[in-house]
Amino acid sequence: TIGPDLSQIPITHLCISHSYLHNASDIESMKTLVILNLTNNCLTGLPSTMGNLNNLRELDISGNRISKLPESIGNMKKLRIINLSSNKLSHLPSSLCGLEKLHILDISMNQLKALPENIGSLKSLTELYASDNKITSFPSSIKYASELKFLHMRKNFLVEVPDLLQDLKYLEVFNLRQNCLRKYLSPFLTLKTLLLDCNELDTIPVAVVQSYKLEHLSLDENNIKIIPPQIKDLQRLRILNLNFNEIEEIPNELCELKKLRHFTIQANKLQFLPSNFYRLENLKVLNLFEMDLEPEILVRFREGIPTLLRYCEETYKQHATKSQEQQLKENVKDNAENTATVQPHDQAKQMTSDEHENNLIVNEPTKSLDHLSGQLLRKNSSENGKKQPKLGSINQLQIHRKRSSKRGSEHDREPEKHPGFISRHDSSKSTTHQAAAEIDSSCRTSTEYRDQRLLHKSKRSAIMLPD
């Protein structure tokens, strides 16, 4: 116990630690105390009038056996630091959250199942240590503790980090090691250190890579299989721990972290390093043990980080050269195939055009012959000044030939050797008949017809039709 003589002395700083102190009932009379340290004793409680210490600013009663705090603790309005760690507290009095000037609250290593519901009333709280308890969730009012910079919740039973925590605008250090986290939903724009070791995460949450000011990220002993490419957005990252996960590949984007100095990825499923790994030029600490990496990489790794980075750079350049050569060969091959494909296509296109022209001629021989016969008749009519029958078709031409043959038989009394309207007595008319017969027979094939038509044009001026 604290003797009455000591309580009469105007003491401002009192430290009684490791003294097997069982009773602190006389402490209430020391109203001049500013700092009180009663750590590592055998205290099981505090006097109910503890709130009379109006001038107390720092209270440390850690390492005792205290299971309950008096409600009067809320009367010590000047308290700025309270250390209640390593006791047997199962709940906290609501009056504790009325300490408006409280900056640091340490309630770690107790038996707390929840934080006080009105913890958001601690408007000046900058550091909260609640590690090694049985806390399962965050109270909704915690978002109003807007001055929080350090939040330690290690070794609890937290399952998720709700998005309401993103209202903690000044949070810089967030320790969530050894929990049961499966969801992490809250990005922090001011966060510098995030410790998520020993949880149940199967990937690096998007909210984590959106905390752009992160400098230290630790994710050891999770179930992470994939590193998202968005990791490159953490351009201030200096320390990255990914040991004892199930990662099979390091994305190239990770090698864009120019400030990364400490990188450990021990005991994963890596078999190779990314091609641009040499770009981590500021790397000072690297752990690649307990993985089935290529033997050459392990040899270079044991020789030192600079040697490994040089080896990675040389390998990258070799692969780049081979890739360029392979690409060049593929381009040449593609060009050759395209050339071989285009030539038959053009040939086919030309043939198709010729065939189309031939088809037009073959399919319309009657029209061509009719047109030619009409031209011949009109020319002869204009030259002889005689009116000739207008022949508009091949059928009319044949009828006219029969009539001409009949007239020739009546006048000459001799049968014609060749049916037609041209008389054998007129050489020019015979020439006309011969030309017409040639035109008629040439309709059988389109190619011969074109040639015969050109030849006939040269003879047309000498052809004379009968009267």
Side-chain angles (χ1 to χ4, degrees), residues 1-130 133 139 141-142 144-145 147-148 150 152:
T1 61
I2 300 175
D5 296 336
L6 187 59
S7 62
Q8 298 298 322
I9 303 175
I11 300 174
T12 57
H13 296 68
L14 177 61
C15 178
I16 305 175
S17 61
H18 299 86
S19 301
Y20 299 99
L21 184 66
H22 288 80
N23 190 355
S25 57
D26 297 331
I27 199 74
E28 60 185 18
S29 59
M30 299 182 179
K31 296 183 180 181
T32 57
L33 279 176
V34 176
I35 298 174
L36 177 59
N37 187 341
L38 299 175
T39 61
N40 298 303
N41 283 286
C42 301
L43 297 174
T44 57
L46 294 176
S48 59
T49 55
M50 187 76 177
N52 294 333
L53 303 178
N54 296 327
N55 294 315
L56 197 64
R57 295 186 179 183
E58 296 182 17
L59 173 63
D60 189 348
I61 52 175
S62 61
N64 283 280
R65 302 173 187 176
I66 300 173
S67 59
K68 185 178 180 180
L69 293 177
E71 286 288 339
S72 62
I73 195 171
N75 297 331
M76 296 185 286
K77 300 297 184 181
K78 294 183 179 180
L79 269 176
R80 296 191 176 187
I81 300 173
I82 299 179
N83 189 347
L84 304 173
S85 63
S86 301
N87 279 282
K88 296 184 179 181
L89 295 171
S90 58
H91 70 279
L92 297 174
S94 58
S95 61
L96 181 68
C97 297
L99 302 175
E100 297 179 354
K101 294 185 178 180
L102 190 65
H103 286 74
I104 301 173
L105 175 61
D106 190 346
I107 52 176
S108 57
M109 290 182 282
N110 279 280
Q111 300 176 8
L112 298 171
K113 295 182 180 180
L115 294 173
E117 285 296 330
N118 58 341
I119 196 170
S121 300
L122 299 174
K123 302 296 185 181
S124 300
L125 190 66
T126 58
E127 301 178 28
L128 174 59
Y129 301 89
N133 280 284
S141 66
I142 195 172
Y144 299 116
E147 297 296 321
L148 264 179
F150 301 90
H152 292 260

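Predicted model, so just to flag it, every value in this text is computed and none were measured. Note that these values count all heavy atoms, side chains included, but never hydrogens, waters or copies made by symmetry. Along the sequence shown, residues are numbered consecutively beginning with 1.
Partner Pro47 forms a side chain to side chain contact (heavy atoms under 4.5 Å, CB included) with one of Asp26, Asn23, Ile27 and no other, that one being Ile27.
You'll find the side chain of Asn75 stays beyond 4.5 Å of the side chain of Asn52, heavy atoms only. Side-chain contact between Ile107 and Asn83 is absent, with no heavy atoms from C-beta onward closer than 4.5 Å. Put simply, the side chain of Leu89 reaches to within 4.5 Å of the side chain of Ile66, judged on heavy atoms. His103 is listed as a side-chain neighbour of Thr126, based on a closest heavy-atom distance under 4.5 Å. Looking at heavy atoms from C-beta onward, Leu125 lies in side-chain contact with Leu148 at the 4.5 angstrom threshold. Asn55 is listed as a side-chain neighbour of Lys78, based on a closest heavy-atom distance under 4.5 Å. Side-chain contact between Ile82 and Ile104 is absent, with no heavy atoms from C-beta onward closer than 4.5 Å. Lys88 places none of its side-chain heavy atoms less than 4.5 Å from the side chain of Lys68.
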After noting the C-alpha distance and the side-chain angles of Ser95 and Ile73, does the key distance pass the side-chain contact (heavy atoms from CB on, under 4.5 Å) rule?
CA-CA 7 Å; Ser95 61; Ile73 195 171; 4.0 Å; yes
Derivation of the side-chain contact (heavy atoms from CB on, under 4.5 Å) call for Leu38 and Leu21:
CA-CA 8 Å; Leu38 299 175; Leu21 184 66; 4.1 Å; yes
Evaluation steps, side-chain contact (heavy atoms from CB on, under 4.5 Å), between Leu84 and Leu92
CA-CA 10 Å; Leu84 304 173; Leu92 297 174; 4.3 Å; yes
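For the residue pair Pro93 and Glu71, the shortest heavy atom distance occurs at CB-OE2, 3.5 Å. Minimum interatomic distance between Ser17 and Asn41 (heavy atoms only, all atoms of both residues): CA-ND2, 3.7 Å. For Met50 against Met76, the heavy-atom pair with the smallest separation is O-SD, 3.6 Å. The heavy-atom pair separating Leu99 from Gly74 by the smallest distance is CD2-O, 3.6 Å. Taking every heavy atom of both residues into account, Pro139 and Pro116 meet most closely at CG-O, 3.8 Å.
In this structure, CD1 in Ile142 is found 6.0 Å from CG in Leu128, a value given to the nearest 0.5 Å. Atom CG of Asn54 and atom CG of Leu56 lie 9.5 Å apart (nearest 0.5 Å). Interatomic distance, Arg80 CZ to Leu59 CG, rounded to the nearest 0.5 Å: 15.0 Å. The distance from the NE2 atom of His18 to the CD1 atom of Ile16 is 13.5 Å, given to the nearest 0.5 Å. Interatomic distance, Leu105 CG to Glu127 CD, rounded to the nearest 0.5 Å: 10.5 Å. The CZ atom of Arg65 lies 13.0 Å from the OG atom of Ser86; values are rounded to the nearest 0.5 Å.
Counting only distance, with no hydrogens or angles, the side chain of His152 and the backbone of Phe150 share no donor-acceptor pair below 3.5 Å. Panel note: side chain Thr12, backbone Leu33; no donor-acceptor pair is recorded below 3.5 Å. Between the side chain of Asn87 and the main chain of Ile61, a donor-acceptor pair closer than 3.5 Å is present. With hydrogens and angles ignored, the 3.5 Å screen pairs a side-chain donor or acceptor of Ser72 with a backbone N or O of Ser48. In this structure, Asp60 contributes its side chain and Asn37 its backbone to no donor-acceptor pair below 3.5 Å. Formation of a donor-acceptor pair under 3.5 Å by the Asn133 side chain with backbone atoms of Ser90 is not found in this model. A donor-acceptor pair under 3.5 Å links the side-chain atoms of Ser124 to the main chain of Glu100, judged by distance alone.
Other residues, nucleotides and ligands contribute more than 12 heavy atoms inside 6.0 Å of the NZ atom of Lys77.
For the side chain to side chain donor-acceptor pair (under 3.5 Å) condition, the pairs that include at least one residue of residues 107-122, sequence neighbours left out, are Asp106-Ser108.
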